[in-house]
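Note: hydrogens, waters and symmetry copies are ignored here, and every other heavy atom, side chains too, is used.
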Amino acid sequence: MARQKGIIKLKGTIGGITFYKTSDGDLAREKGGVDASRIANDPAFQRTRENGSEFGSAGKGGKIVRNAIRILLQNAKDKRVVSRLTTDLLKVVKTDSVNDRGARTIQDGNMSLIQGFEFNTNGKLGSTLFTPTLNAFDRVTGEATASIAPFSAKKRIAAPNGTTHFKVVTGVAALDFVNETSTFESDETEILPYVNANTAAIDLSATVTANSDLPVIQVLGIEFYQEVNGTMYPLKNGSYNALAIVKVDTL
């Protein structure tokens, strides 16, 4: 592909060259490739069809995850979260030892591979919060808990410049990849001062359907604020907020 330069940016196809806009800028590439009907029917492209099917499953799965945690995700994500999550879920699909190639699924794969996934690479939880957290999920009751012992925010949280306050958030989602639905609940602390003094112990909980047989993920995050004249403003529009998958639970 080539990068467009100049004042006028083109869109569309001219003389076999396709011009388009992406998050990386205005690009251009030569139109070409194998005819779609051949890919869909030619036995020589069987592997291609299988790969495409599984990539599609990963893409749909990523959308289910993102939709499930949207309340928290809208405050902590980077511009590549869609492609990054799809890539990691495709790895999960490829661990499915139950179904044939081309029909492998996320739910039959090793979902623990996405534990630790960071939704915002500009503000990773793993390089933001430096105090132990205890995350647990009780499948019988459907309750997910996040517990943190008292800690000094100034010493244990690497906050971006300008931070005066923060809060800790958690959420739990039961994911139905077959029916493309989910259930989700969340909890959060009040907005806390970013100071040297220790916080109180933090105990958060959120509950989904009891005795569910669906895969469950728990996320944990930190949101940063700046106080101006008594009003709390999301710091830099939340661009450095952290959110990560801290627990995956499957039957």
**Q** Would you check if there is a donor-acceptor pair between the side chains of Thr231 and Asn229 at a distance under 3.5 Å?
**A** no
**Q** Spell out, as yes or no, whether a donor-acceptor pair under 3.5 Å connects the side chain of Asn241 to the backbone of Asn75.
**A**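 Yes: the side chain of Asn241 pairs with the backbone of Asn75.
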**Q** Please say whether more than 12 non-hydrogen atoms of neighbouring residues, nucleotides or ligands are located less than 6.0 Å from CG in Asp100.
**A** no
**Q** Between Val169 and Leu220, is the side chain to side chain contact (heavy atoms under 4.5 Å, CB included) condition met? List the steps.
**A** CA-CA 6 Å; Val169 300; Leu220 184 73; over 6 Å; no
**Q** Going by salt bridge (charged side-chain N to carboxylate O under 4.0 Å, His left out), name the pairs with one or both residues in residues 129-149, residues two or more places apart or in two chains.
**A** Arg139-Asp249
**Q** Has Thr189 got a side-chain atom pairing as donor or acceptor with Val168's backbone, closer than 3.5 angstrom?
**A** yes
**Q** Does atom CZ of Phe55 have more than 12 heavy-atom neighbours from other groups under 6.0 Å away?
**A**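 No, because the 6.0 Å sphere around CZ of Phe55 holds 12 heavy atoms or fewer from other groups.
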**Q** Is there a path of hydrophobic side-chain contacts, each under 4.5 Å between heavy atoms, that joins Val93 and Ile245?
**A**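 Val93 clusters together with Ile245.
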**Q** Can you check whether Asn99's main-chain N or O pairs, donor with acceptor, with Arg104's side chain at less than 3.5 Å?
**A**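 Side chain of Arg104 to backbone of Asn99, a donor-acceptor pair under 3.5 Å: no, none is there.
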**Q** Check whether Ile114 and Ile106 end up in the same hydrophobic cluster, where Ile, Leu, Val, Met, Phe, Trp and Tyr are linked by side-chain heavy atoms less than 4.5 Å apart.
**A**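 Per the 4.5 Å side-chain linkage, Ile114 and Ile106 are co-clustered.
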**Q** With side chains defined as the heavy atoms from C-beta onward, is the minimum distance between Asn120 and Leu243 less than 4.5 Å?
**A** no
**Q** Quick one: list whatever passes ring pair (Phe, Tyr, Trp, His ring centres under 6.0 Å) with Phe166, sequence neighbours left out.
**A** none
**Q** What distance do Gln46 atom CD and Asn51 atom CG have between them, rounded to the nearest 0.5 Å?
**A**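 Output value for this atom pair is 10.0 Å.
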**Q** Between the side chain of Tyr194 and the main-chain N/O of Ile157, is any donor-acceptor distance below 3.5 Å?
**A** yes
**Q** So, taking the atom named CG in Leu89 and the one named OG1 in Thr105, what distance separates them when rounded to the nearest 0.5 Å?
**A** 11.5 Å
**Q** If you look only at pairs with a residue in residues 80-91, which of them pass as a side-chain hydrogen bond (donor to acceptor under 3.5 Å, both in side chains), with sequence neighbours excluded?
**A** Asp24-Arg80, Asp78-Arg84
**Q** Examine distances only and state if a side-chain atom of Thr170 and a backbone atom of Val219 form a donor-acceptor pair shorter than 3.5 Å.
**A** yes
**Q** Side chains of Phe177 and Pro215: closer than 4.5 Å at any heavy-atom pair?
**A**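 When only atoms from C-beta onward are counted, Pro215 and Phe177 do touch, with a gap below 4.5 Å.
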**Q** For side chain to side chain contact (heavy atoms under 4.5 Å, CB included), just list the numbers for Asn122 and Ser239, CA-CA rounded to whole Å, side-chain angles, deciding distance to a tenth of an Å, and then say yes or no.
**A** CA-CA 7 Å; Asn122 299 312; Ser239 58; 5.7 Å; no
**Q** Between Glu118 and Lys124, does any NZ, NE, NH1 or NH2 come within less than 4.0 Å of an OD or OE carboxylate oxygen?
**A** no
**Q** Side-chain heavy atoms nearer than 4.5 Å, only ILVMFWY residues, links allowed to pass through others: does that put Ile71 and Leu73 together?
**A** yes
**Q** Going by heavy atoms in the side chains, are Met111 and Val248 under 4.5 Å from each other?
**A** yes
**Q** Would you please test Thr207 and Glu185 for side chain to side chain contact (heavy atoms under 4.5 Å, CB included) and show each step?
**A** CA-CA 6 Å; Thr207 303; Glu185 290 294 337; 5.6 Å; no
**Q** Which heavy-atom pair separates Ala158 from Phe130 by the least distance, and what is that distance?
**A** CB-CE1, 3.9 Å
**Q** Once you round to the nearest 0.5 Å, how far does OG of Ser57 lie from CD of Gln107?
**A**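 Interatomic distance, Ser57 OG to Gln107 CD, rounded to 0.5 Å: 8.5 Å.
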**Q** Counting C-beta onward and ignoring hydrogens, is there a side-chain heavy-atom pair between Leu192 and His165 closer than 4.5 Å?
**A** no
**Q** Between Ser53 and Gly102, what is the shortest heavy-atom contact and its length?
**A** OG-O, 2.8 Å
**Q** According to a 4.5 Å side-chain heavy-atom criterion applied to Ile, Leu, Val, Met, Phe, Trp and Tyr, with indirect links allowed, do Leu204 and Ile222 form part of one hydrophobic cluster?
**A**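 Yes, Leu204 connects to Ile222 through the hydrophobic network.
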**Q** Say you draw a straight line from CZ of Phe137 to OG1 of Thr145; how long is it, rounded to the nearest 0.5 Å?
**A** 10.5 Å
**Q** With side-chain hydrogen bond (donor to acceptor under 3.5 Å, both in side chains) as the rule and sequence neighbours excluded, what pairs involving residues 127-137 come up?
**A** Thr133-Asn135
**Q** Would you give the length of the straight line joining atom CG of Leu214 to atom OG1 of Thr250, rounded to the nearest 0.5 angstrom?
**A** 11.5 Å
**Q** Are Leu72 and Val65 linked, directly or through other ILVMFWY residues, by side chains that come within less than 4.5 angstrom of each other?
**A**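 Per the 4.5 Å side-chain linkage, Leu72 and Val65 are co-clustered.
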**Q** With sequence neighbours left out, which residue pairs that include part of residues 216-244 fulfil the salt bridge (charged side-chain N to carboxylate O under 4.0 Å, His left out) condition?
**A** Lys167-Glu223
**Q** Quick one, Pro234 and Phe224 - any side-chain contact, counting heavy atoms below 4.5 Å?
**A**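 No, every pair of side-chain atoms sits at 4.5 Å or beyond.
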**Q** Could you tell me whether the side chain of Arg66 and the main chain of Gly62 form a donor-acceptor pair under 3.5 Å?
**A**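 Present.
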**Q** Go through the structure and list residues passing side-chain contact (heavy atoms from CB on, under 4.5 Å) with Ala173, not counting sequence neighbours.
**A**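 With neighbours one apart ignored, the set is Ala68, Ile69, Leu175, Phe184, Ile217.
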**Q** Report the distance from atom CD of Gln115 to atom NZ of Lys247, rounding to the nearest 0.5 Å.
**A**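 Those atoms lie 6.5 Å apart.
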**Q** State, yes or no, whether a side-chain contact exists between Tyr225 and Leu235 at a heavy-atom distance under 4.5 Å.
**A** no
**Q** State, with a plain yes or no, whether a side-chain heavy atom of Arg101 is found less than 4.5 Å away from one of Arg47.
**A** yes
**Q** Quick one: does any side-chain atom of Asn110 pair with a main-chain N or O of Ser112 as donor and acceptor, under 3.5 Å?
**A** yes
**Q** For the residue pair Glu54 and Leu90, establish whether any side-chain heavy-atom pair is separated by less than 4.5 Å.
**A** yes
**Q** Please tell me whether Asp203 and Ser147 have a donor and an acceptor in their side chains that are separated by less than 3.5 angstrom.
**A**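 Note: Asp203 and Ser147 side chains meet the donor-acceptor criterion.
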